[in-house]
Number of protein chains: 2
Amino acid sequence: MRHVAALAGVGIKTVSRVINDEAGVSEATRQKVLDAIAQLNYQLDVTAGSLRRAGRRTLSVGLLLPSVSNPFSGEIHRAMEDALGARGIAVFAASLDDDPKREQAIIAAFLGRRVDGLVLTPIAKNQAYMIPEHSRNLPMVFIDREPVGVDADAVVTDNAVGAGKAAAHLLMHGHTKLAYLGDRTDIQTARERRRGFLEEVGGAGIPTSALPVIDDLHDEEAARRAALELLNSEDPPTAIFSSQNLVTFGTMRALKELGAHKRVALVGFDDFTLADMMDPGVTVIAQHPERIGVKSAERLLARIDGDDQPPRTYVVPSELIQRGSGEIRPPA
Amino acid sequence: MRHVAALAGVGIKTVSRVINDEAGVSEATRQKVLDAIAQLNYQLDVTAGSLRRAGRRTLSVGLLLPSVSNPFSGEIHRAMEDALGARGIAVFAASLDDDPKREQAIIAAFLGRRVDGLVLTPIAKNQAYMIPEHSRNLPMVFIDREPVGVDADAVVTDNAVGAGKAAAHLLMHGHTKLAYLGDRTDIQTARERRRGFLEEVGGAGIPTSALPVIDDLHDEEAARRAALELLNSEDPPTAIFSSQNLVTFGTMRALKELGAHKRVALVGFDDFTLADMMDPGVTVIAQHPERIGVKSAERLLARIDGDDQPPRTYVVPSELIQRGSGEIRPPA
DNA sequence: GTGAAAGCGCTAACAT
DNA sequence: ATGTTAGCGCTTTCAC
């Protein structure tokens, strides 16, 4: 910047004014500065500026996802990137891998880079370790799961309601012998989905005490084995609800292995690519990651811009998509 | 840091030494400093440090992908994150959307944040606009496509070889009436795949002049329509090669609509989730995005560490995965 | 409309 | 083993 100022024959502050589009520079001076910038191939150092900038803005935010390689996370990331990029804010992204240690390490790394805000899917049981940052008023938005131990904005899917819709759908198609295949119960969303499902079934007058509830299925293979066992049991269910993508995949495999895929109904939580191309098409409760991303970005920007309303949780509704597997009726 | 030094009753440089694990601090002093840090909840400002650090390292790099929401990109991103994170380097990620303007804007945004390196999937026909940075010796690695106009490391899939393997596989299964469905020809990888496919077919003595080659299929629906038209033509192919995921999906839809999915062979470039669950399973030429990510990170780190060997292109081999659709034989 | 000076938080170089 | 000083590139403040 010094060099630009020297070459243009002006003061350094004038160069700063031109670059940041501040008022109070004559058109002639502006041109001189612009020419010098072009000639030197100069580019503003955003990070150095942040040292002195009002509020120390770095124009960067941190995004913590389950994994950047997971399509659900990818959609959220994408929506966020677009909203923030329009404001000149760059996004640091990182994967948590369901590891609370990693969660803290990554947060520390991002805070060390003085991000203007944090958007995260919490893993740790408790986010109380973020209290110092929270009271420093660091903008933060929690995604998918509500924070524990700090009071902050959150954007979540209506997990219980969505799972309830799945139950209602299966009941409506005449099923009474249902089963629930779920993810690890230390994950809040998994618990919510189970609760919503069971409440809906119970509310319909069907006793849930005998209903098979299999938790802690965290990968495809575990889900497949659990589904096989279930389907080979003495009194197998006529309809299955799977609470998550990998569980759905495992269940699909089990159903196909047993040749039961056209006989046993299946509704999965979470949509996935090619669900409509399966045989039968897979009925799902679809989440809307792009809407979650958009909403989160909106809240984060509002907080960055000084919004100090009490924190709220925003709910993005899920949607039942019928594709065949959920409309199979029980045998007569 | 000043505050920490004051509280611990030491000089500011001593605090710096402790934090950066430099030698020359007595254990007693170290403890005093550590206590003060804990008490004040102090955290090092990495960006401020970069201003003075040798080589001005910011400990951040920029990653430019087709889209962070695309699973192939996600895998690359993930591998990169892990390799770089182990070195304390954070990753800015952004999506290019096949838009050369966006490519330049994002690069500018990242350079303005003084990233230590850049990993990118080039879109623009020419990366000559990066010459200033390149000659400034900014570490950069190109992914998936080789750069044009600057000489830099690249990590790519063996597109032509992989497509050739697909052709050979179909020929081996007795097909002589093949067809090629491809992506936009302004994309280097698409051209390579077409070339590899046609060369292999031609090399087997089958005239390629009559072989249907349909380019510029950039989405699923375009691919579906092209495949329908092809299959409804007077002399339809008995085997199809699709050069990319979305093209494969569109082709699968067309085959299914016509009830031809068990009769016409299909090999697609790029693996995808649930490919084995389709009916029949879809034979693919799989790329290895995680290996591409690992290699790119390795090269980037080497360049950051001062490696100044002449730039090279690293090839990550693709792999044929047989699942059924590619092993269908032509009608007798 | 323009510029000089101070200082953000840190690390390099050089004391002591 | 520890501290002091200068200065990275910028924006703020204030003076002209």
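Each chain gets a letter, A, B and so on, in the order the sequences are listed, and its residues count up from 1. These numbers come from the heavy atoms of this one structure, side chains and all, not from hydrogens, waters or symmetry mates.
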5'-most by nearest nucleotide on DNA chain D - B:Arg56 or B:Gly9
B:Gly9

Whole Å only: how far is the CZ atom of A:Arg17 from the C1' atom of D:dT11?
11 Å

For residues 1-25 of chain A, please give each side-chain donor-acceptor pair under 3.5 Å, one per line with the distance, not counting sequence neighbours.
| residue | atom | partner | partner atom | Å |
| --- | --- | --- | --- | --- |
| A:Ser16 | OG | A:Asn20 | ND2 | 3.4 |
| A:Asn20 | ND2 | A:Ser16 | O | 2.9 |

Are B:Asp99 and B:Lys101 ion-paired here, with the side-chain N under 4.0 Å from a carboxylate O?
no

Nearest heavy atom decides the nucleotide; on that basis, is B:Gly24 or A:Ala54 closer to the 5' end of DNA chain D?
B:Gly24

Rounded to whole Å, NE2 of B:His3 lies from P of C:dC10 at a distance of 10 Å

So do the side chains of A:Arg113 and A:Thr58 get within less than 4.5 Å of each other, counting heavy atoms only?
no

Between atom CG in A:Asp21 and atom P in D:dT11, what is the gap in whole Å?
12 Å

Atom pair distance, as rounded to whole Å: CD1 in A:Ile12 and P in C:dA4
10 Å

Exercise: do B:Tyr314 and B:Glu298 side chains pair donor with acceptor under 3.5 Å:
no

Let's see if you get this right: which residues in residues 106-118 of chain B place a heavy atom under 4.0 Å from DNA chain D?
none

Are B:Lys295 and B:Asp153 close enough for a salt bridge, meaning some N to O gap below 4.0 Å?
no

Distance check needed: C:dG1 C1' versus A:Arg30 CZ, whole Å only.
14 Å

So, does B:Ser16 get its side chain near the phosphate of C:dC10, meaning an N or O under 4.0 Å from OP1 or OP2?
no

B:Thr14 side-chain N/O to D:dG3 phosphate OP1/OP2 under 4.0 Å
yes

Could you tell me how the ring of B:His77 sits relative to the ring of A:His77: parallel (under 30°), tilted (30 to 60°) or perpendicular (over 60°)?
tilted

B:Met1 CE to D:dT4 P: how many Å, rounded?
14 Å

